[in-house]
Visitor: 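This is the structure, below, for whatever I ask next.
Both counts, for ligands and for their atoms, begin at 1 and track the order of listing.
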Amino acid sequence: MAVRAGTKALDARTLRADFPIFEQLIHGRPLAYLDSANSSQKPRQVLDAMTEFYSTSYANVHRAVHVLGERATAGLEGAREKVRAFLNAPDVREIVFVRNATEALNLVAYSWGGNNLGPGDAVVVTELEHHSNFVPWQYIARRNGAEFTMLPLDENGDVDLSGLDEIARNFNVKVVATNLVSNSLGTIHDVGPLVRWAHEQGAIFVCDAAQAAPHLTVDVQALDCDFLAISGHKMCGPSGIGALWGRAELLESMEPFLLGGHMINSVRYEKTTWGELPHKFEAGTSPIAEAYGLGVAIDYLRGVGLDAIEAHEHELAAYALGRLSEVPGITLYGPPAERRAGVVSFNMDGIHPHDVAQILDMQGVAIRAGHHCCQPLMHKLGVAATNRASFYLYTVQEEIDQLVDGLHAVKKVFA
Ligand SMILES: Cc1ncc(COP(=O)(O)O)c(C=O)c1O
């Protein structure tokens with residue numbers, strides 16, 4: 001996932017003009033939006049396209065024979081094809097629309113894990129997982145009498161793979177699940193060794209790409225994973241839409257996750273049969289305009305270039321780590337800039353992260369404070385919470401300067 005040489009740099013200042021959210025002042029100050037890992041802002045291209053879609057082409061999909069139904073269906077299915085191309089998936093039938101990455105991961109945990117895990121089996125996750133790729137596996141593994149195992153982080157904050165042999169000796173490993181980019185530390189994982197190990201065990205590899213897909217090229221064939229989850233709202237798309245990619249043969253072998261309209265082939269009193277992929281996993285009315293909006297967001301990201309976005313974030317992360325380290329009493333967490341996406345977590349000595357974030361808000365600086373849905377990691381770091389500043393394609397260095405100035409103001413309040 002290295003940035004290719006010769007990548008054309010993006011111009012964040014120009015791109016920023018696409019995002020109407022920056023046209024306002026917050027508490028009388030320019031907005032420094034440093035919370036994109038939580039949710040990204042939306043460009044006018046996505047907002048306008050969704051308004052246009054609702055204004056001219058909206059109806060329910062698949063089941064209508066009228067013009068609007070056909071337009072809406074074309075919009076939804078066109079977006080599915082864009083997600084397929086974005087992830088380099090072999091087959092568009094393998095793209096299942098869901099609400100978000102959390103739902104995608106639950107779908108796999110319930111439909112695959114629920115029917116394939118039992119006593120003697122193991123699910124392996126890492127200490128760096130978001131709760132969305134931790135809790136569903138912990139729940140399903142234990143419900144089915146299987147082992148739930150967490151690979152710890154080593155002293156460098158990398159996933160410690162030294163215990164893999166022992167896990168393989170003791171259990172029949174069925175699932176290995178990990179993220180590609182950590183939302184709390186920004187760590188970019190080289191998951192290759194873990195994917196190979198999972199497949200040597202005959203296990204499936206489940207990839208949480210919620211934090212990777214917005215920031216770098218994600219290629220399901222190059223990763224050689226079996227399932228992969230993304231969320232639209234983190235990648236310039238609307239909320240309420242995400243996607244699960246899964247290998248067709250696995251999806252075909254699985255039971256449905258949600259049941260009802262749209263996902264069936266035939267319904268009789270005696271027996272119901274399931275629809276074809278991907279509809280078997282898309283019960284009920286789809287998030288139609290949201291899927292359409294995600295497709296437009298993908299066009300936007302590809303237009304900017306994922307390599308350029310990744311390079312921009314490395315640059316911002318390096319700048320932020322340098323500037324933040326000038327602030328007295330700060331502790332910075334996570335790897336060096338070249339191994340992280342645009343995420344910097346930190347704590348200020350003796351000042352609760354929520355107090356830091358609240359005072360920063362008064363300066364127009366939006367950051368996240370909390371456990372970032374990573375309580376096992378917080379436990380490892382020995383803290384209840386951290387502050388987190390996160391960057392995206394529209395982030396400019398002045399916002400990081402505004403953050404640093406704000407932190408000096410926080411220090412004064414608590415002096
Ligand atoms: C790494 C990671 N995985 C999963 C999720 C869950 O995403 P969503 O809340 O969109 O389902 C997040 C959200 O922060 C995340 O950062």
Visitor: Between Asn179 and ligand 1, is there a nitrogen or oxygen pair with a distance under 3.5 Å?
Guide: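 N/O-N/O distance below 3.5 Å does not exist for this pair.
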Visitor: Indicate yes or no: does Arg44 engage Asp18 in a salt bridge with an N to O separation below 4.0 Å.
Guide: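 Not counted as a salt bridge, because no side-chain N and carboxylate O are separated by less than 4.0 Å.
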Visitor: Give the atoms of ligand 1, by number and element, whose distance to some non-hydrogen atom of Asn183 is under 4.0 Å.
Guide: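 In order of number, 1 (C), 16 (O).
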Visitor: What I want to find out is whether Glu147 reaches Lys174 closely enough, with some N-O distance under 4.0 Å, to be called a salt bridge.
Guide: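 Salt bridge absent between Glu147 and Lys174.
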Visitor: Please name the residue in the list Thr331, Asp355, Ile330 that meets the side-chain contact (heavy atoms from CB on, under 4.5 Å) test with Met348.
Guide: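 For Met348, the side-chain contact (heavy atoms from CB on, under 4.5 Å) test succeeds with only one of Thr331, Asp355, Ile330, which is Ile330.
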Visitor: May I ask you to check whether Lys234 has an N/O atom sitting below 3.5 Å from an N/O atom of ligand 1?
Guide: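 Indeed, backbone or side chain, Lys234 has an N or O that close.
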Visitor: Can you tell which of Ser231, Ala37, Ser184, Ala104 gets a heavy atom nearest to atom 7 (O) of ligand 1?
Guide: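 Minimum heavy-atom distance to atom 7 (O) of ligand 1 goes to Ser231.
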Visitor: Apply side-chain hydrogen bond (donor to acceptor under 3.5 Å, both in side chains) to Arg80 and list each qualifying residue two or more places apart in sequence or on a separate chain.
Guide: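 Testing Arg80 for side-chain hydrogen bond (donor to acceptor under 3.5 Å, both in side chains), a comparison that skips the adjacent residues, returns Glu77, Glu282.
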Visitor: Look only at interatomic distance and state if Glu103 has a nitrogen or oxygen under 3.5 Å from any nitrogen or oxygen of ligand 1.
Guide: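 Looking only at distances, the answer is no, because the N/O contact criterion of under 3.5 Å is not met.
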Visitor: State whether Arg16 and Glu23 are salt-bridged, where the test is any N-O pair (Lys NZ or Arg NE/NH1/NH2 against Asp/Glu carboxylate O) under 4.0 Å.
Guide: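 Looking at Glu23 together with Arg16, the answer is no, because their closest N to O distance does not fall below 4.0 Å.
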Visitor: Below 4.0 Å from ligand 1: does a non-hydrogen atom of His131 turn up there or not?
Guide: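 Per 4.0 Å heavy-atom rule, His131 does not contact ligand 1.
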Visitor: Could you tell me the residue and atom name of the protein heavy atom closest to atom 16 (O) of ligand 1, and the distance to it rounded to 0.1 Å?
Guide: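 So the nearest neighbour among protein heavy atoms is Gln211 NE2, 2.5 Å.
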Visitor: Can you list every side-chain hydrogen bond (donor to acceptor under 3.5 Å, both in side chains) pair that touches residues 205-215, not counting sequence neighbours?
Guide: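 Every pair satisfying side-chain hydrogen bond (donor to acceptor under 3.5 Å, both in side chains) with a residue in residues 205-215: His215-Glu313.
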Visitor: Within the structure, is a non-hydrogen atom of Asp208 found at a distance of less than 4.0 Å from ligand 1?
Guide: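 True for this residue.
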Visitor: Heavy atoms only: which of Arg99, His233, His130 lies closest to atom 5 (C) of ligand 1?
Guide: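 Minimum heavy-atom distance to atom 5 (C) of ligand 1 goes to His130.
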Visitor: So that I can tick it off, tell me whether Asp158 and Arg339 are bridged by a salt bridge, with the cut-off set at under 4.0 angstrom between side-chain N and carboxylate O.
Guide: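 A salt bridge is present here (some side-chain N lies under 4.0 Å from a carboxylate O).
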Visitor: When you measure from atom 11 (O) of ligand 1 to every protein heavy atom, which one gives the shortest distance, and what is it?
Guide: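 Answer, as residue, atom name and distance: Thr102 OG1, 2.5 Å.
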